[in-house]
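What you are looking at is a predicted structure, and each value in this text was computed from that prediction instead of being measured. To find a chain, count down the sequence lines: A is the first, B the second, and so on, and within it residues start at 1.
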Amino acid sequence: GRLLRIELENFKSYAGKVTVGPFPPGFSAVIGPNGGGKSNLMDAISFVLGLPSRQLRGGFLGDVVYRGNLAAGEAYTFLAEEPAPQSAVVRLVYEHEPDRETVFSRTVTVSGVSTYRVDSRAVSLETYLRRLQAVHLSAGPQSFLVFQNQVEEIANRSPQQLAALFEETS
Amino acid sequence: GRLLRIELENFKSYAGKVTVGPFPPGFSAVIGPNGGGKSNLMDAISFVLGLPSRQLRGGFLGDVVYRGNLAAGEAYTFLAEEPAPQSAVVRLVYEHEPDRETVFSRTVTVSGVSTYRVDSRAVSLETYLRRLQAVHLSAGPQSFLVFQNQVEEIANRSPQQLAALFEETS
Amino acid sequence: RTRRFLEYFRTVSAAIDGIYKQLTRAPTAPLGGIAQLQLESEREPYRYGVKYYAMPPGKRYRDMEQLSGGERSVAALALLFALQAARPSPFLVMDEIDAALDPLNVQRVSRYLRERAADESPAQSVVISLKDAFYENANALVGIYRDPSAGHASRVLTLDLDAFGAVSLGDEGGGA
Amino acid sequence: RTRRFLEYFRTVSAAIDGIYKQLTRAPTAPLGGIAQLQLESEREPYRYGVKYYAMPPGKRYRDMEQLSGGERSVAALALLFALQAARPSPFLVMDEIDAALDPLNVQRVSRYLRERAADESPAQSVVISLKDAFYENANALVGIYRDPSAGHASRVLTLDLDAFGAVSLGDEGGGA
Ligand SMILES: Nc1ncnc2c1ncn2[C@@H]1O[C@H](COP(=O)(O)OP(=O)(O)OP(=O)(O)O)[C@@H](O)[C@H]1O
Ligand SMILES: Nc1ncnc2c1ncn2[C@@H]1O[C@H](COP(=O)(O)OP(=O)(O)OP(=O)(O)O)[C@@H](O)[C@H]1O
Ligand SMILES: [Mg+2]
Ligand SMILES: [Mg+2]
């Protein structure tokens with residue numbers, strides 16, 4: 001399978017609808033200035049793969065909904081007359097077989113309530129995780145997601161902690 | 001005052017006698033490949049300023065004495081027929097007044113016993129620290145030594161931990 | 001469960017030295033370093049854990065703790081890539097894995113990702129990096145920035161590097 | 001003791017915003033960001049601690065936790081430099097403080113160290129770095145490497161950059 005694109009809607013620093021991709025089959029590098037939104041993209045990928053909120057930076061899941069960048073007290077002006085968004089959506093578009101796409105989608109409200117869809121059809125979290133697992137995309141304490149500053153931490157692990165890396169959900 | 005040079009003798013990866021410097025009055029950058037010995041130089045500076053061994057990487061103070069780089073089982077060959085060194089010395093040469101130098105020196109044996117000298121005269125640890133303090137070189141939880149990976153840690157501190165930074169020995 | 005663990009462990013263990021050598025080979029060290037994984041106990045693997053030994057070229061064996069920052073990063077990456085070689089995920093997503101690497105190690109890691117993309121399947125990777133020596137080896141660039149005309153929200157530009165042929169950014173400057 | 005703390009705190013607190021602005025000014029943000037220190041309690045400063053607020057340009061106030069890696073590094077460095085400005089040590093020794101910084105922030109921090117060396121006294125700094133954009137602004141380079149002809153022990157070469165005049169490495173390559 002292959003990752004085709006990620007669609008973000010009001011997720012962290014991504015106001016409105018933003019599409020990231022298409023990703024080539026090979027090696028893509030994500031670049032840009034400090035604070036630009038690169039790690040936020042990684043958070044979006046963890047989020048849409050169903051990772052629990054403690055894996056995302058910051059305490060409360062509802063905080064991932066876009067909140068304006070203006071100084072406290074200023075009006076929310078990016079979306080001009082529109083009110084602040086009440087939910088964030090991330091879609092992961094995945095080519096599970098040649099020329100056949102699956103769209104995994106997770107929405108969260110400002111109050112931290114998540115809903116899940118596979119190809120626009122609402123499913124339970126259990127079904128969602130099962131569908132991800134079926135295409136080998138279940139993200140446990142995986143070796144396929146490496147967060148900022150985590151590489152050094154791996155080298156510092158005790159033997160018992162290293163053993164945990166070998167316990168993958170296949 | 002101004003740091004003039006650091007002399008290392010069998011300290012960590014510095015076999016034999018190595019002089020680092022002269023340092024200009026301004027901004028020096030220490031560069032080189034991974035594993036070259038740059039952080040070891042910083043360890044040498046902390047060491048000669050009297051920092052306790054837990055501030056140095058690795059558990060036991062005697063480990064800072066140079067141990068050959070050869071694979072286990074091979075003879076120690078850098079110093080050819082010489083036996084492995086039994087102690088390490090670091091000297092910090094400091095210009096405390098224009099054209100007047102003070103040499104702070106700390107030696108440690110492979111068994112972890114430290115001895116201290118100021119201008120070649122042996123002194124107690126208490127005297128040594130007092131002499132350092134007199135030239136504003138006492139290294140407590142100081143802001144003047146910033147170790148590898150420590151910058152990010154400072155940003156993550158709680159208010160109580162930040163307060164500790166303000167408690168400098170003058 | 002223990003049987004699956006042992007099976008997986010053995011495959012990773014067989015792969016790690018080759019990958020570590022690929023990440024540590026250099027003109028001055030054509031053989032590269034040595035890496036090894038050891039199970040403390042085959043019957044209770046989780047309880048006693050997995051010991052990882054990595055020896056950079058030209059160095060005697062030292063605890064992971066005594067390696068330098070960059071040496072530890074290379075060792076950790078070799079382990080991650082070995083886990084992937086044994087049980088590949090469809091894609092890898094990594095954030096600033098090159099933070100502690102010197103320019104030569106940056107080259108080795110980015111070339112590993114490039115070569116892996118060329119010959120393995122699946123071999124897709126999305127890697128965040130601040131270093132041009134790293135991202136110049138990518139197949140595509142995804143640029144993320146704050147757009148002042150969009151209230152400083154994050155926006156994205158994608159660039160297919162393969163469309164430009166095999167030009168290294170480092171060559172344009174004549175070796176600056 | 002509390003009195004000395006308060007005295008020191010006030011000096012640092014007065015210095016921090018200016019330094020943070022120096023580290024965050026840019027053509028797109030000529031005023032820079034805003035930084036502020038607050039004592040939770042003047043009578044028991046240690047117990048309640050010191051709160052640090054840093055707002056990068058163009059952003060609304062967020063907890064230090066919500067800033068990006070590079071934004072946090074810049075904020076932390078501003079605090080360290082403010083502590084130094086209030087009570088200078090004879091020299092600074094720092095190890096890879098630029099690990100999380102993008103090329104523009106690397107420039108700002110290394111220029112700060114360069115300017116501090118030019119106009120303050122004492123202003124000596126010894127800073128380990130893997131990035132050429134950082135060390136090209138130094139007055140001198142200290143190169144540390146493993147010498148194969150010395151059993152791979154560490155050896156040192158020093159280079160006085162000021163002796164070459166104000167040439168930036170970045171210019172030689174014509175902007176590669
Ligand atoms: N809910 C939100 N609404 C708006 N902005 C947000 C939200 N959550 C986070 N941000 C902003 O996103 C920025 C962090 O972005 P991110 O961590 O992705 O940067 P980065 O590109 O990884 O930078 P670095 O190179 O420094 O690691 C911060 O400025 C933060 O204020
Ligand atoms: N007592 C010792 N004898 C010999 N070598 C030692 C000793 N202690 C540490 N070393 C070696 O020093 C090296 C680490 O050096 P150091 O941490 O200074 O590297 P560095 O230049 O900071 O690298 P990086 O850029 O990766 O941080 C290791 O290879 C380690 O094996
Ligand atoms: Mg980041
Ligand atoms: Mg180091």
Rounded to the nearest 0.5 Å, what's the gap from [atom1] on [X] to [atom2] on [Y]? Could you check?
X: Ser89(C); Y: Leu3(A); atom1: OG; atom2: CG; value: 12.5 Å
X: Leu157(C); Y: Ile31(A); atom1: CG; atom2: CD1; value: 9.5 Å
X: Arg155(C); Y: Tyr14(A); atom1: CZ; atom2: OH; value: 9.5 Å
X: Ser39(A); Y: Glu96(C); atom1: OG; atom2: CD; value: 6.0 Å
X: Leu161(C); Y: Ser28(A); atom1: CG; atom2: OG; value: 9.5 Å
X: Met42(A); Y: Met94(C); atom1: CE; atom2: CE; value: 9.0 Å

Show the nearest heavy-atom pair for residues [X] and [Y], with the distance to one decimal.
X: Glu152(A); Y: Ala100(C); result: OE2-CB, 3.3 Å
X: Ser154(C); Y: Val18(A); result: O-CG2, 3.9 Å
X: Ala163(A); Y: Gly49(C); result: CB-CA, 4.0 Å
X: Pro159(A); Y: Lys51(C); result: CG-CD, 4.0 Å
X: Gly35(A); Y: Arg146(C); result: O-NH1, 2.6 Å
X: Gly36(A); Y: Ile144(C); result: O-CG2, 3.5 Å

Classify the angle between the aromatic ring planes of Phe91(C) and Phe144(A) as parallel (below 30°), tilted (30 to 60°) or perpendicular (above 60°).
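Ring orientation, 0 to 90° scale: perpendicular.
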**OP:** Mind telling me whether Tyr8(C) and Phe166(A) have parallel, tilted or perpendicular rings, with 30° and 60° as the class edges?
**Re:**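 The arrangement is perpendicular - the two ring planes meet at more than 60°.
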Region of [X] that comes under 4.5 Å of a non-hydrogen atom in chain A:
X: Asp147(C); answer: neither
X: Leu79(C); answer: side chain
X: Phe9(C); answer: both
X: Thr158(C); answer: side chain
X: Leu37(C); answer: side chain
X: Phe134(C); answer: both

Self-check item: Any pair counted as salt bridge (Lys or Arg N to Asp or Glu O under 4.0 Å), so long as it reaches residues 85-102 of chain A, sequence neighbours left out
Solution: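 Listed once each, the pairs are Arg5(A)-Glu101(A), Glu7(A)-Arg91(A), Glu9(A)-Arg91(A), Glu97(A)-Arg100(A).
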Specify which of [options] makes the most heavy-atom pairs with chain C at under 4.5 Å.
options: Pro24(A), Gly32(A), Ala155(A); value: Ala155(A)
options: Leu162(A), Val135(A), Leu8(A), Asn149(A); value: Leu162(A)
options: Pro22(A), Ser158(A), Gly21(A); value: Gly21(A)

For the residue pair [X] and [Y], establish whether any side-chain heavy-atom pair is separated by less than 4.5 Å.
X: Val156(C); Y: Thr19(A); result: no
X: Asn34(A); Y: Leu130(C); result: yes
X: Leu41(A); Y: Ile128(C); result: no
X: Pro90(C); Y: Leu137(A); result: yes

Report task. Under 4.5 Å heavy-atom distance to chain C, tell me which part of Pro25(A) shows up: side chain, backbone, both or neither. Result ->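 Interface part for Pro25(A): backbone (N, CA, C, O).
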Item to complete: Output the residues of residues 117-127 of chain A for which the shortest heavy-atom distance to chain C is under 4.5 Å, in residue-number order; output 'none' if no such residue exists.
Response: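 Expected list: none.
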Exercise for the section: Have a look at Leu165(A) and tell me which of Val12(C), Leu83(C), Val50(C) forms a side-chain contact (heavy atoms from CB on, under 4.5 Å) with it. Expected result: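 Looking at Val12(C), Leu83(C), Val50(C), the match for Leu165(A) under the side-chain contact (heavy atoms from CB on, under 4.5 Å) is Leu83(C).
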With a 3.5 Å distance limit and no angle check, can you tell me whether Gln160(A) reaches the backbone of Tyr46(C) through a side-chain donor-acceptor pair?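 The answer is no, because no donor-acceptor pair under 3.5 Å joins these two groups.
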Using a 3.5 Å distance criterion without hydrogens, assess whether the side chain of Arg2(A) forms a donor-acceptor pair with backbone atoms of Gln124(C).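 The answer is no, because no donor-acceptor pair under 3.5 Å joins these two groups.
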Please determine whether side-chain contact (heavy atoms from CB on, under 4.5 Å) holds for the pair Ile154(A) and Arg72(C), giving the CA-CA distance in whole Å, both sets of side-chain angles, and the decisive distance to 0.1 Å. CA-CA 9 Å; Ile154(A) 286 170; Arg72(C) 280 209 301 273; over 6 Å; no
Take Val142(C) and Val20(A) through the test side-chain contact (heavy atoms from CB on, under 4.5 Å) and record every step on the way to the result. CA-CA 8 Å; Val142(C) 176; Val20(A) 186; 3.7 Å; yes
Between Phe27(A) and Tyr112(C), is the gap from one ring center to the other below 6.0 Å?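 Distance test on ring centres: not under 6.0 Å, no.
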